[in-house]
S.K.: 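After the structure tokens below, expect a handful of questions from me.
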Protein chains: 2
Amino acid sequence: MDATIFTPRAPGRPRDAETEARILQVALRLLAEQGYSRMSLDAVAAESGTSKPTIYRRWSSKADLATAALNTIQFAEPPVDTGSTVGDLTGTLENFSRSLLRPNGMSLIGTVLAEEAHTPELLTLFRARLVATRRGMLHAILLRAKKRKELRRAVNLDCVVNMLVGAFYARYLATSTVPPDFPRELVATIWPGIAAISKGS
Amino acid sequence: MDATIFTPRAPGRPRDAETEARILQVALRLLAEQGYSRMSLDAVAAESGTSKPTIYRRWSSKADLATAALNTIQFAEPPVDTGSTVGDLTGTLENFSRSLLRPNGMSLIGTVLAEEAHTPELLTLFRARLVATRRGMLHAILLRAKKRKELRRAVNLDCVVNMLVGAFYARYLATSTVPPDFPRELVATIWPGIAAISKGS
DNA sequence: AATGGATACGATACAGTATCGTAATCACGA
DNA sequence: TCGTGATTACGATACTGTATCGTATCCATT
């Protein structure tokens, strides 16, 4: 009885799913490379080997296409599990660092922030799909550690997450680079301040 | 013999210095509100009560005007000196929080990041004028503390600066808000990890 | 006499729509 | 099995209205 099982009749020529994927892929790249307002649908159509009407048949506006493109970003990285809290934090941050340093990773963040006033749905979606996911992973690691009594009771987990994640933004804003051992250094710097028992440095 | 002492001849009608200031002020506001590519010179001219040729007589291009506008941001806040390292850090971060929450403070950061590929001079200037200044103040506070033996010897000061500053970016990216006691909480969270002697929590 | 400012202009780019001929898929009938 | 028509998607192109950057022309000011 489920319409998704007995495929409902499709009267005419079916849409090409590959075309759809190609458009979204190009749109996401241009969004990151050039920012929202510089991303033109003419360019998206040309680079994806299609045409504007084909795009508008699928998405109702530029903003609609942009959010759909953002929505295709998949969070492929599985949760890290190294056995130790420090290792899990470091591993998760290393994944973060890689995705941030992907070409135009920071530009994409800049774009959604810059468009907050004009196209707020971009930031909303970015939050729900990427920011929240990443923060949730870090938060889960810290919460587990807290339940194991590895952390001081008074530690504000959100505050720690903000510092760990934000350090990458600050570093990039200052230098456009992030060294490979940055995640390890971050964890090493913050751990003595949040760990339950302060052993020797 | 110095031309700046004996005012040099002014051949024609002198420029109005107030006009210049008004243009820059409007340009900076629109840059933050709408982003670089949406900031139109027509709007700048209209809102500053002047016209485009008047703008182009002073700055050679849109990018030139935008960088000049960025360059007018003054770092009025004096260095904080409360007598204690924790107090200085907190006070400096509170200043930071205020400037960040000024309307469109984060949008401006987003714009310079998003424009990194297309108009890199914005990010370069933003770094030199604002990022470096703020980081320098925090770094100085930490370095002074280190010389007073208040910090562990192994602490990486840059790393701490990145975490303190970055936490604001991360928080804003996640929620678009920063609570008033955020600076205090940040310092409270990181201090036990970097202080030389760990006293009771 | 030389520069200031304002209006108007040219050139270009963009979002979104319309049209045209073609290709793909289905339903139906021979 | 083969063909025919109906229906929808497709790429290509052109178009409309608007926004934009940067410049030229004109009069006012000093």
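All values reported here derive from a predicted model rather than from experimental measurement. Letters A, B, ... are given to chains in the order of the sequence lines, protein chains preceding strands, and every chain is numbered from 1.
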S.K.: Whole-Å distance between D/dG11 P and A/L41 CG?
M.R.: 15 Å

S.K.: In whole angstroms, how far is the C1' atom of C/dA6 from the OH atom of B/Y56?
M.R.: 16 Å

S.K.: Run B/R29 and B/E47 through salt bridge (charged side-chain N to carboxylate O under 4.0 Å, His left out) and show every step you take.
M.R.: CA-CA 10 Å; B/R29 183 169 54 79; B/E47 294 201 29; 2.4 Å; yes

S.K.: With the side chain of B/P53 defined as its heavy atoms from C-beta on, choose the nearest nucleotide among D/dT23, D/dC21, C/dG16.
M.R.: D/dT23

S.K.: Find out whether B/R135 and B/D158 are in side-chain contact, i.e. whether some heavy atom of one side chain is under 4.5 Å from a heavy atom of the other.
M.R.: yes

S.K.: More 5' along DNA chain D: A/S48 or B/R38, using each one's nearest nucleotide?
M.R.: A/S48

S.K.: Between B/I55 (CD1) and C/dT7 (C1'), how many Å, whole number?
M.R.: 15 Å

S.K.: If you only use heavy atoms from C-beta on, which nucleotide in C/dG5, D/dG22, C/dA15 is closest to the side chain of A/D42?
M.R.: C/dA15

S.K.: Testing the basics here: between A/A196 and A/K149, what is the closest heavy-atom pair and its distance to 0.1 Å?
M.R.: CB-O, 3.5 Å

S.K.: Can you tell me the distance, in whole Å, between the NZ atom of B/K62 and the P atom of D/dT23?
M.R.: 15 Å

S.K.: Rounding to a whole Å, what distance do you find between B/M39:CE and D/dG22:P?
M.R.: 10 Å

S.K.: Give one of base, sugar-phosphate or nothing for B/R58, where a contact means two heavy atoms less than 4.0 Å apart.
M.R.: sugar-phosphate

S.K.: Hey, are the side chains of A/L65 and A/L24 touching, using non-hydrogen atoms and a 4.5 Å cut-off?
M.R.: yes

S.K.: When the distance from CG of A/D64 to P of C/dA15 is rounded to whole Å, what number comes out?
M.R.: 14 Å

S.K.: With a sphere of 6.0 Å drawn around CZ of B/R153, does it hold more than 12 non-hydrogen atoms of other residues, nucleotides or ligands?
M.R.: no

S.K.: Could you tell me the separation between the CD atom of A/E20 and the C1' atom of D/dA9, rounded to a whole number of Å?
M.R.: 12 Å

S.K.: Do the side-chain N or O atoms of A/T50 get closer than 4.0 angstrom to the phosphate oxygens (OP1, OP2) of D/dG11?
M.R.: yes

S.K.: With heavy atoms under 4.0 Å as the rule, sort B/S51 into base, sugar-phosphate or nothing.
M.R.: base

S.K.: Where each residue is assigned the nucleotide of DNA chain C containing its nearest heavy atom, which of A/K52 and B/T54 is assigned the position nearer the 5′ end?
M.R.: B/T54

S.K.: Between A/R15 and D/dT8, does any side-chain N or O lie under 4.0 Å from OP1 or OP2?
M.R.: no

S.K.: Respond yes when some side-chain nitrogen or oxygen of B/R57 is under 4.0 Å from OP1 or OP2 of C/dT3, and no when none is.
M.R.: no

